[in-house]
Amino acid sequence: MIHTLYHVNAGRMKHLKYCLSLIVLISFTSRAQDILELTESSLKDYLGEKNLNSFNTIIAQEQATVNQKEFKDQYSASAFANATYINTNEEAFIAFQPIISPQNIVEFGVRKKIPYGLDVEASIGFDNRQFDLGSGNENPSIATSSLNINMNLWKNFLGKLDQANLNSFQLQQKRADIQNKINHAQQLYTLRSMFWNLVAVNEQIKISQSMADLAKQQLNNAQSRYRQSAADLAEVSFYRSQLASRNNAVIVYNYNKQVIVDQFKKVIPELSQYSDIQVKDFDSQKTRSDVLQCVNFIQQSVSVPEDQTLYSELIKVVKDFYTTQNKIHKTYDDIDINLNANIYTRAVDPSAFDAFEESFAENRRGLMASLNINVPLGNSKTEVNKTKLNQMMLDNEIKTLRQNFLTQFQFVQKNASLLLQSIEQQKNNLDSLKTRSREILKKFNQGRLSISDYISDQDRLLQTELQLVDSQNLIIQTMLDYLNIFSKSPCAFNQVSV
């Protein structure tokens with residue numbers, strides 16, 4: 001029986017081990033799926049056509065669209081109808097001026113404003129009335145039809161004022177669309193900036209970790225020699241201090257990485273499902289070549305390449321908008337002349353239907369025309385003040401937009417080469433320090449160099465490598481700041497198409 005129980009327990013243990021192995025495997029696979037391998041080219045896909053954190057731009061676009069539709073709605077035809085009933089018990093003072101009662105008046109028609117300074121109205125009306133002339137009750141019906149045309153002959157002649165207002169709304173729409181493109185490009189460059197910050201901090205983690213591993217080996221070696229009485233406690237403590245310092249550097253850089261990862265998740269909420277974001281392998285040599293080509297391209301430009309920035313398009317639209325506004329302002333206190341023409345027919349018959357038929361069948365047409373002139377007599381300076389204010393706003397906005405890309409171009413053209421020279425000097429410094437480090441190691445092993453000098457030399461090498469990573473990232477960030485403005489630049493490092 002004991003033998004049987006032993007075999008049963010052994011089988012259960014084997015099954016338990018299998019289940020635990022399966023759970024560990026599933027857990028490892030799940031963790032692997034929670035890690036995103038990010039590439040720079042995939043940033044565009046995550047951003048898509050969305051405009052993140054650009055509520056004001058969306059509102060501006062929607063407002064411009066609404067303004068246009070609201071303005072165009074005035075050109076839509078509208079129907080109207082009027083009905084009036086009059087009944088009175090008054091007595092006539094004069095026999096040949098009878099009291100009309102009851103009276104029924106009905107009118108209906110269509111109105112439409114035409115975008116050439118014209119207002120058109122067509123209507124049909126019936127007036128059925130009853131009165132007593134002494135010889136008996138009369139009950140005639142009056143049928144009328146009319147076509148009324150009102151034309152502006154000055155301020156809005158041929159619809160020039162309406163067209164100016166419409167152009168103003170269209171330019172607002174165009175401006176909002178360009179600003180939307182600018183914001184979209186800026187968001188992509190922000191993501192690219194975060195990507196290269198992540199690349200840099202990963203490289204710094206790798207460098208710091210390798211130096212921490214070396215410090216760990218040196219501490220283990222010192223502890224081994226201490227146990228053999230070949231090293232003292234001071235030397236062991238020195239190596240232990242060095243390990244703690246380098247481990248701290250690894251922790252700090254990992255914290256910096258987590259900050260960048262959290263930034264990605266805030267900007268692109270879809271990435272929140274991943275526990276970590278890692279940079280997929282990339283061609284560092286190609287990146288350096290592209291950045292160098294971009295710097296050379298900028299330095300060879302003899303003037304600001306305004307055709308490579310959306311801000312130049314925005315400036316043109318802003319100028320057109322304010323020019324249109326000036327046209328509108330000039331009509332503020334201008335004279336106004338309107339011509340009104342009314343073509344009508346009218347017929348009377350006891351039958352309303354016959355009266356309407358007669359109004360078209362016989363020569364019952366009439367014409368009435370009027371000319372209205374309105375001339376301001378005051379000495380108002382409102383139009384002058386509006387134009388002056390308009391010019392001030394235009395000058396200020398153009399200055400701000402131009403300064404935006406002019407400053408960026410001048411800074412990069414002047415200083416980008418300095419950063420490249422700095423990187424080159426740091427590389428030379430790093431090569432020299434690596435050579436020195438190999439020689440220092442020989443002296444240290446021969447007992448010709450103190451431990452503090454040896455560790456100081458290692459720290460100097462570590463700091464130089466970390467500074468080189470910072471400088472390389474700085475030139476990349478500088479180029480991204482430039483491309484953020486000159487988003488249509490043809491240089492190879494510019495991956496944005498807007």
Side-chain angles (χ1 to χ4, degrees), residues 24 28 31 35 196-263 275-279 281 284 288 418-477:
V24 170
F28 179 79
R31 270 193 206 132
I35 297 175
W196 286 107
N197 283 334
L198 187 59
V199 170
V201 78
N202 279 343
E203 186 65 23
Q204 290 171 326
I205 290 172
K206 189 185 298 182
I207 294 171
S208 299
Q209 188 62 59
S210 66
M211 296 302 288
D213 293 341
L214 178 60
K216 178 66 175 175
Q217 294 175 7
Q218 292 171 339
L219 175 59
N220 291 339
N221 181 268
Q223 288 174 334
S224 176
R225 288 187 288 109
Y226 175 74
R227 288 191 292 269
Q228 298 171 6
S229 300
D232 57 14
L233 185 59
E235 182 178 348
V236 173
S237 299
F238 199 95
Y239 279 118
R240 186 175 287 115
S241 173
Q242 175 193 227
L243 176 60
S245 175
R246 293 181 181 176
N247 281 337
N248 178 66
V250 174
I251 292 171
V252 170
Y253 284 122
N254 272 298
Y255 171 80
N256 292 340
K257 176 188 175 181
Q258 192 57 47
V259 170
I260 299 172
V261 170
D262 288 344
Q263 287 175 346
S275 61
D276 191 19
I277 298 176
Q278 295 180 355
V279 175
D281 292 339
S284 58
R288 285 193 293 269
L418 298 178
L419 288 175
L420 292 176
Q421 292 174 24
S422 174
I423 291 173
E424 194 62 33
Q425 292 301 318
Q426 286 178 334
K427 285 181 179 179
N428 294 336
N429 183 30
L430 183 61
D431 291 339
S432 299
L433 286 176
K434 285 181 178 179
T435 303
R436 171 184 166 82
S437 182
R438 288 192 294 268
E439 297 301 317
I440 289 291
L441 180 59
K442 294 178 183 178
K443 290 184 179 181
F444 178 72
N445 291 334
Q446 294 170 0
R448 296 163 51 200
L449 191 70
S450 67
I451 182 173
S452 59
D453 290 339
Y454 176 57
I455 297 301
S456 295
D457 189 76
Q458 284 186 348
D459 288 338
R460 190 181 299 111
L461 178 62
L462 171 62
Q463 292 304 317
T464 302
E465 289 184 306
L466 295 176
Q467 288 172 4
L468 178 59
V469 174
D470 282 334
S471 296
Q472 290 172 335
N473 186 43
L474 181 59
I475 186 65
I476 289 176
Q477 297 298 328

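Just so it is clear, the values below take in all heavy atoms, side chains as well, and ignore hydrogens, waters and symmetry mates.
- Using modelled atom types, one side-chain atom of S432 and one backbone atom of N428 make a donor-acceptor pair closer than 3.5 Å.
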Might you work through the side chain to side chain donor-acceptor pair (under 3.5 Å) test for Q209 and D213, ending with a clear yes or no? CA-CA 6 Å; Q209 188 62 59; D213 293 341; 3.1 Å; yes
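- Scanning all heavy atoms of the two residues, the minimum distance from L243 to A212 falls at CD1-O, 3.5 Å.
- The CG atom of N221 sits 12.5 Å away from the NZ atom of K216 when rounded to the nearest 0.5 Å.
- Between the side chain of T464 and the backbone N or O of R460, at least one donor-acceptor pair lies under 3.5 Å.
- Residues meeting the side-chain hydrogen bond (donor to acceptor under 3.5 Å, both in side chains) test with N202, sequence neighbours left out: none.
- Listed here is the closest heavy atom pair of L198 and V261: CD1-CG2, 4.4 Å.
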Contacts under 3.5 angstrom, residues 468-476 side chains, donor-acceptor by atom type, not counting sequence neighbours:
{"from": "D470", "atom 1": "OD1", "to": "Q204", "atom 2": "NE2", "distance (Å)": "2.7"}
{"from": "S471", "atom 1": "OG", "to": "Q426", "atom 2": "OE1", "distance (Å)": "2.8"}
{"from": "S471", "atom 1": "OG", "to": "Q426", "atom 2": "NE2", "distance (Å)": "3.1"}
{"from": "S471", "atom 1": "OG", "to": "Q467", "atom 2": "O", "distance (Å)": "3.1"}
{"from": "N473", "atom 1": "OD1", "to": "Q477", "atom 2": "NE2", "distance (Å)": "3.2"}
{"from": "N473", "atom 1": "ND2", "to": "N197", "atom 2": "OD1", "distance (Å)": "2.9"}

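- For Q258 and N254, the side-chain atoms include no donor-acceptor pair closer than 3.5 Å.
- For residues 247-262, every residue pair satisfying the salt bridge (charged side-chain N to carboxylate O under 4.0 Å, His left out) rule, not counting sequence neighbours, is listed here: K257-D276.
- Closest of all the heavy-atom pairs between V236 and A222 is CG2-O, 3.7 Å.
- In this structure, N429 CG and L461 CG are separated by 9.0 Å, a value rounded to the nearest 0.5 Å.
- Applying the side chain to side chain donor-acceptor pair (under 3.5 Å) test to residues at least two apart or on different chains, the pairs with a partner in residues 232-242 are Q218-Q242, R225-E235, Q242-R246.
- Taking the side-chain hydrogen bond (donor to acceptor under 3.5 Å, both in side chains) definition, one finds that Q263 meets it with nothing, sequence neighbours left out.
- Residues V199 and E203 have side chains not in contact (no heavy-atom distance under 4.5 Å, counting atoms from C-beta outward).
- Smallest separation of non-hydrogen atoms from S208 and L462: CA-CD1, 4.4 Å.
- In this structure, V201 and Y253 approach most closely via the heavy-atom pair CG2-O, 3.3 Å.
- Here D453 pairs with L449, S450 under the side chain to side chain contact (heavy atoms under 4.5 Å, CB included) rule; sequence neighbours left out.
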